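Taking it in order: structure first as structure tokens, then the write-up.
What you are looking at is a predicted structure, and each value in this text was computed from that prediction instead of being measured. The chains referred to below are lettered A, B, ... by the order of the sequence lines, with proteins before strands, and numbering in each begins at 1.
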Protein chains: 2
Amino acid sequence: MTTENKKVTITHIAKMANVSPSTVSRVLRGSAEVSEAKRTAIQQAIEELQYRPNIFAQSLASGQSMTIGVLTQNFGSPFYDGILQGILQGLEGSDYWPMFADGRWYEKVEKHALHLLLDRRVDGLIIIGGQLDAEMLHSILKTTPLVVVAREIPPIRNRCLYVNNYEAGYAATRYLIDMGHRHIAHITAPTINKIAIDDVEKRFEGYKQALIDASLPIDPHLIVEGNLLQQSGVLAVEMLLSRGRPFSAIFAANDQMAFGARLALYRRGIRVPEDVSLVGVDDEPSAAYIVPPLTTVRQPAVEMGQVAAKAILAFINGKTPELTPFKAHLVVRESVSRYR
Amino acid sequence: MTTENKKVTITHIAKMANVSPSTVSRVLRGSAEVSEAKRTAIQQAIEELQYRPNIFAQSLASGQSMTIGVLTQNFGSPFYDGILQGILQGLEGSDYWPMFADGRWYEKVEKHALHLLLDRRVDGLIIIGGQLDAEMLHSILKTTPLVVVAREIPPIRNRCLYVNNYEAGYAATRYLIDMGHRHIAHITAPTINKIAIDDVEKRFEGYKQALIDASLPIDPHLIVEGNLLQQSGVLAVEMLLSRGRPFSAIFAANDQMAFGARLALYRRGIRVPEDVSLVGVDDEPSAAYIVPPLTTVRQPAVEMGQVAAKAILAFINGKTPELTPFKAHLVVRESVSRYR
DNA sequence: CGATATTGTGAAAGCGTTTTCAGAATTCTA
DNA sequence: TAGAATTCTGAAAACGCTTTCACAATATCG
């Protein structure tokens with residue numbers, strides 16, 4: 001498999017097949033009928049010369065990059081990673097290629113990354129989470145098809161793919177209540193500091209509403225803020241414990257914080273689920289493998305990625321797919337026990 | 001921030017600044033001196049018209065894509081992910097952009113992905129793991145700078161970035177021996193089925209040598225094969241238990257299998273570390289947060305990624321950086337206890 | 001102060017495709 | 001079977017930049 005195709009151009013193969021470059025281009029892209037004879041001659045020449053079209057020339061001439069920009073916030077978080085995987089799968093078989101950029105949850109970085117992607121003339125854009133405001137997204141939409149994943153932005157809701165986070169929070173809390181728990185702590189994440197977690201806030205609201213519906217008080221002493229990372233789950237539990245308010249269950253706004261919480265409890269000799277029950281959100285891959293396996297609310301990350309990919313392809317082709325919210329559902333494992 | 005720059009070309013801004021396109025190009029790339037007056041006029045025009053160069057035209061004309069191809073095997077495995085993160089960081093600030101492809105540990109997929117990357121005319125290539133044979137890599141090297149991460153390929157060792165996996169296996173096993181363990185099980189991964197894990201095999205060898213050096217027998221009944229995923233760790237422990245050979249410690253060839261093992265032990269009511277000690281390899285992010293926190297051999301994934309990025313940039317610039325193997329070192333946490 | 005370097009600049013020729021346009025060849029229609 | 005409709009095909013003009021070349025305009029030297 002030589003790689004010295006460096007210089008083989010469409011003209012070479014045109015000459016070799018005794019046709020014009022236009023014709024070669026036609027069989028390459030299947031953009032018009034070409035007689036059987038010439039077609040095979042061309043294909044043979046391509047084979048023989050190991051011809052590979054120059055993508056830049058193609059893009060320049062056609063105005064298409066055959067590329068989908070994917071703007072994520074956290075390469076490396078299991079949840080975002082699932083989405084990425086789904087996108088990869090969804091794009092497979094299409095002629096489009098994903099191009100990733102990482103906004104790292106910093107608005108400035110995110111904007112910069114977005115521009116790089118746009119400079120790269122992506123044919124479509126998938127934005128995962130982030131903080132770009134609706135207005136900006138709307139203006140992008142004028143020139144570039146767009147799908148937003150894991151975030152709900154009212155003005156362009158028909159371009160958004162998300163789970164109902166309110167229901168997620170509600171379901172988790174409700175389950176704990178049904179299991180007899182009355183003092184349920186919650187680890188949330190700040191919503192002020194621009195870390196733009198509407199998702200997390202929705203879960204928080206679900207938590208509160210579930211309590212209200214069960215005529216249970218919302219006790220501020222049982223609510224702590226983390227930052228979505230494991231370590232903050234550890235800290236959150238320390239904090240909870242230091243406040244001295246008794247609780248028999250913890251609902252963490254994501255699995256990573258739940259993992260941290262679980263470790264902190266272990267350190268204090270508090271057993272899960274015998275002493276304290278624990279519920280997370282996301283159903284990360286490792287949730288099923290911690291000890292005890294974590295009961296959590298599943299966000300169908302991979303599926304969302306797949307759907308996002310299919311959707312952006314559809315938009316690019318001028319279609320208008322219906323984007324329906326995903327259902328989050330409780331995955332019952334072993335980190336919750338009935339309160340006695 | 002309008003995005004209707006669609007049509008602003010270098011010619012427009014040349015006209016606006018009363019210069020020729022050549023001159024604009026010169027200030028754009030800083031490829032030659034331009035008088036102060038024209039320079040500022042040009043910059044102003046760029047600003048005003050919100051000009052963004054067309055990357056395809058640039059690449060076509062210059063022959064450079066300003067892109068680094070990154071071929072990974074497993075988007076989503078924490079270890080590979082760390083490397084990716086490192087690459088992202090290492091590339092930051094350079095004008096190069098990474099382009100990812102996933103070989104999924106299938107030789108066919110990997111080859112295909114490689115070709116797509118090469119078609120994309122990447123200026124450099126970082127290959128993480130994989131099974132491409134030395135010959136093929138060697139031929140790529142003729143046209144494209146290359147760095148291989150997390151894999152040691154003798155004929156092009158000066159292009160490889162890896163940790164000494166033999167030492168990793170040795171260190172883990174030795175530690176267990178030093179802690180008084182005499183019956184140490186090992187969960188490895190198949191090396192036959194083309195899943196090309198020389199790394200894992202090296203760890204296995206380290207394990208064996210450590211036993212030999214301590215005059216301990218190598219007991220085939222204490223060796224099981226997994227596939228590097230959590231679930232296989234579960235199965236491995238089941239298998240081990242069913243064989244009835246007593247053991248007081250397990251060395252798993254990677255953290256994910258260690259996690260699975262830990263779960264299986266929990267299911268059987270076997271305590272870690274009181275009854276059985278456990279050691280993994282990788283030091284994945286979650287290793288510090290499982291219960292009990294896992295003692296493991298750290299592979300500096302992020303650092304390797306960073307170095308790989310720096311190295312490929314150096315190669316592109318015609319330099320020849322020295323690539324020295326990384327050290328793996330034991331991270332002692334709480335999953336091992338002294339054997340009584 | 002004329003000859004020689006140096007610096008800044010524009011014209012124009014690529015880079016390797018796609019695509020429009022028009023004409024040639026073929027097939028169809030009445 | 002003449003004319004009309006279809007199919008194929010090639011020439012040539014984009015696409016938006018970079019870069020070579022040559023030539024002014026300056027600066028430098030003996």
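Atom CD1 in A/I68 sits 5.5 Å away from atom CG in A/L313 (nearest 0.5 Å). Note: B/T67 OG1 to B/R120 CZ = 9.0 Å, rounded to the nearest 0.5 Å.
When heavy atoms are screened at a 4.0 angstrom cut-off, B/R29 is found touching the sugar-phosphate backbone but no base atom. Contact annotation for A/V34: backbone-only contact, meaning every heavy-atom pair under 4.0 Å involves sugar-phosphate atoms and none involves a base.
Contact annotation: A/S62 does not reach the phosphate of C/dT18 (side-chain N/O to OP1 or OP2, under 4.0 Å). Checking the phosphate oxygens (OP1, OP2) of D/dG16, no side-chain nitrogen or oxygen of B/T9 falls inside 4.0 Å. Using a 4.0 Å cut-off, no side-chain N or O of B/Q58 falls inside it from OP1 or OP2 of D/dG16. An OP1 or OP2 oxygen of C/dT9 is reached within less than 4.0 angstrom by no side-chain nitrogen or oxygen of B/T23. Between A/K38 and D/dC8 there is no side-chain polar atom (N or O) within less than 4.0 angstrom of OP1 or OP2. Phosphate proximity of C/dT18 to A/S25: present, with a side-chain N or O under 4.0 Å from OP1 or OP2. An OP1 or OP2 oxygen of C/dT9 is reached within less than 4.0 angstrom by a side-chain nitrogen or oxygen of B/S35.
Remark: side-chain polar atoms of B/Q299 are not paired, donor with acceptor, to backbone N or O of B/V163 under 3.5 angstrom.
Between the base of C/dG10 and the side chain of B/R26 there is a donor-acceptor pair shorter than 3.5 Å.
One can place CG of A/L60 at 9 Å from C1' of C/dG16, the figure rounded to the nearest angstrom. In this structure, CG of B/D119 is placed 14 Å from C1' of C/dT17, rounded to the nearest angstrom.
There is no side-chain donor-acceptor pair under 3.5 Å between B/S25 and B/S22.
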